[in-house]
Student: 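This is the structure, below, for whatever I ask next.
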2 protein chains.
Amino acid sequence: MRGHLDGLILAVLEAGPLHGYAIIEALQARSGGALDLPTGTVYPALRRLERAGSLAGSWSTVGGRERRTYKLTRAGKHALAAQRGEWEEFREVVSRVLSADPWPATG
Amino acid sequence: MRGHLDGLILAVLEAGPLHGYAIIEALQARSGGALDLPTGTVYPALRRLERAGSLAGSWSTVGGRERRTYKLTRAGKHALAAQRGEWEEFREVVSRVLSADPWPATG
DNA sequence: AAGCTATACGTTGCCTGTCTACATATGCAT
DNA sequence: ATGCATATGTAGACAGGCAACGTATAGCTT
């Protein structure tokens, strides 16, 4: 996801807290199946976001299985807003350069 | 530029061959000043693209200064088309997930 | 002549993010 | 017992991007 993973994770947690496995499924669902991120990508990212203060994690046991549920912190919401802004800017710049007319100064 | 740099470089070379320094300036111009890429980013990328067969480089001397001018190869044009396709997909997925309604199933 | 800026090339070495592969454990169905 | 879905995680490799550094010429100013 080339540096945009953090934003995506924060975005799916905006609707409410989820645990890691559910986050992977949520990303899959929201992307229409396009995003199938391996645990080796997502779990470290969650740790990273927690360490950064964007997420708060807590353990619970559901049906004999251990779960670590993450929720957005206030800082996380700000981070999400920032990520959305940065994404818009990034998107615009890349789209502009990528689709620039190959004919310089036609008229 | 997180993995999209190659596409941007190929895109500015679509209009015609340029040397490294001019590529940096072209990216700056096309992005409205947003992109100010350091040489440590661009020159290795050019080498990489040449090694990959997307660019063909040639030396020349202009005004006593050495220049390495790069032009798109046929493979490079295909690579550019592929990059554009990938970008569209990437853009759609990220935009969708990032801007997904926080209210699941409103009605 | 000395110094500065713009032009033009490049490398080295670090940091970060991502992924593959591996490791662990439970519940449930067969 | 075997296998699958659920659920967590780590270790190690790899690649891209960047800051910092290094080299050199042309041209202008002082």
Student: For I24(B) and dT7(C), what is the distance between atoms CD1 and P respectively, to the nearest whole Å?
Tutor: 11 Å
Student: Kindly write out the residues that satisfy side-chain hydrogen bond (donor to acceptor under 3.5 Å, both in side chains) with S95(B), not counting sequence neighbours, or none if the list is empty.
Tutor: W87(A)
Student: Specify the separation, in whole Å, of atom OH of Y43(B) and atom C1' of dA8(C).
Tutor: 5 Å
Student: Would you mind reading off the distance between H4(A) atom NE2 and dG17(C) atom P, rounded to a whole angstrom?
Tutor: 12 Å
Student: Tell me every residue that passes side-chain hydrogen bond (donor to acceptor under 3.5 Å, both in side chains) with E66(B), counting only those two or more places apart in sequence or in another chain.
Tutor: T61(B)
Student: What pairs with T73(B) under side chain to side chain contact (heavy atoms under 4.5 Å, CB included), at least two apart in sequence or on another chain?
Tutor: A56(B), A75(B)
Student: With sequence neighbours excluded, tell me which residues meet side chain to side chain contact (heavy atoms under 4.5 Å, CB included) with A82(B).
Tutor: E86(B)
Student: R91(A): what forms a side-chain hydrogen bond (donor to acceptor under 3.5 Å, both in side chains) with it, not counting sequence neighbours?
Tutor: E88(A)
Student: Using atom CZ of R48(B) as one end and atom P of dC18(D) as the other, report the distance to the nearest whole Å.
Tutor: 11 Å
Student: Could you state the atom-to-atom distance from CZ of R47(B) to P of dA8(C) in whole Å?
Tutor: 17 Å
Student: Ignoring hydrogens and angles, write down the donor-acceptor pairs under 3.5 Å from the side chains of residues 37-53 of chain B, residues two or more places apart or on other chains.
Tutor:
unit_1: R48(B); atom_1: NH2; unit_2: D6(B); atom_2: OD1; d: 2.8
unit_1: E50(B); atom_1: OE1; unit_2: R68(B); atom_2: NH2; d: 3.4
unit_1: E50(B); atom_1: OE2; unit_2: G57(B); atom_2: N; d: 3.3
unit_1: E50(B); atom_1: OE2; unit_2: R68(B); atom_2: NH2; d: 2.7

Student: Provide, to the nearest angstrom, the distance between the OH atom belonging to Y70(A) and the P atom belonging to dA7(D).
Tutor: 14 Å
Student: Once you round to the nearest 0.5 Å, how far does CG of L10(B) lie from CG of L98(A)?
Tutor: 9.0 Å
Student: Send over the distance from I9(A) CD1 to dG17(C) P, rounded to a whole Å.
Tutor: 12 Å
Student: Would you please confirm or rule out a distance under 4.0 Å between OP1 or OP2 of dA7(D) and any side-chain N or O of R67(A)?
Tutor: yes
Student: Measure from the side-chain heavy atoms of W59(A) and tell me the nearest of dC9(C), dT8(D), dT18(C).
Tutor: dT8(D)
Student: Would you say the side chain of L35(A) lies within less than 4.5 Å of the side chain of M1(A), judging by non-hydrogen atoms?
Tutor: yes
Student: Could you check how far CZ of R51(B) sits from C1' of dA15(D), rounded to whole Å?
Tutor: 11 Å
Student: Taking side chain to side chain donor-acceptor pair (under 3.5 Å) as the cut-off, I'd like each qualifying pair that reaches into residues 18-28 of chain A, sequence neighbours left out, listed once.
Tutor: Q28(A)-D36(A)
Student: If the helix axis at each end comes from five base pairs, how far does the helix from dA1(C)-dT30(D) to dT30(C)-dA1(D) deviate from straight, to 10°?
Tutor: 0°
Student: I'd like to compare against my own output: the B/S/- annotation of nucleotides 19-30 of chain C with a strict under-4.0 Å heavy-atom distance to protein.
Tutor: BB-----BS---
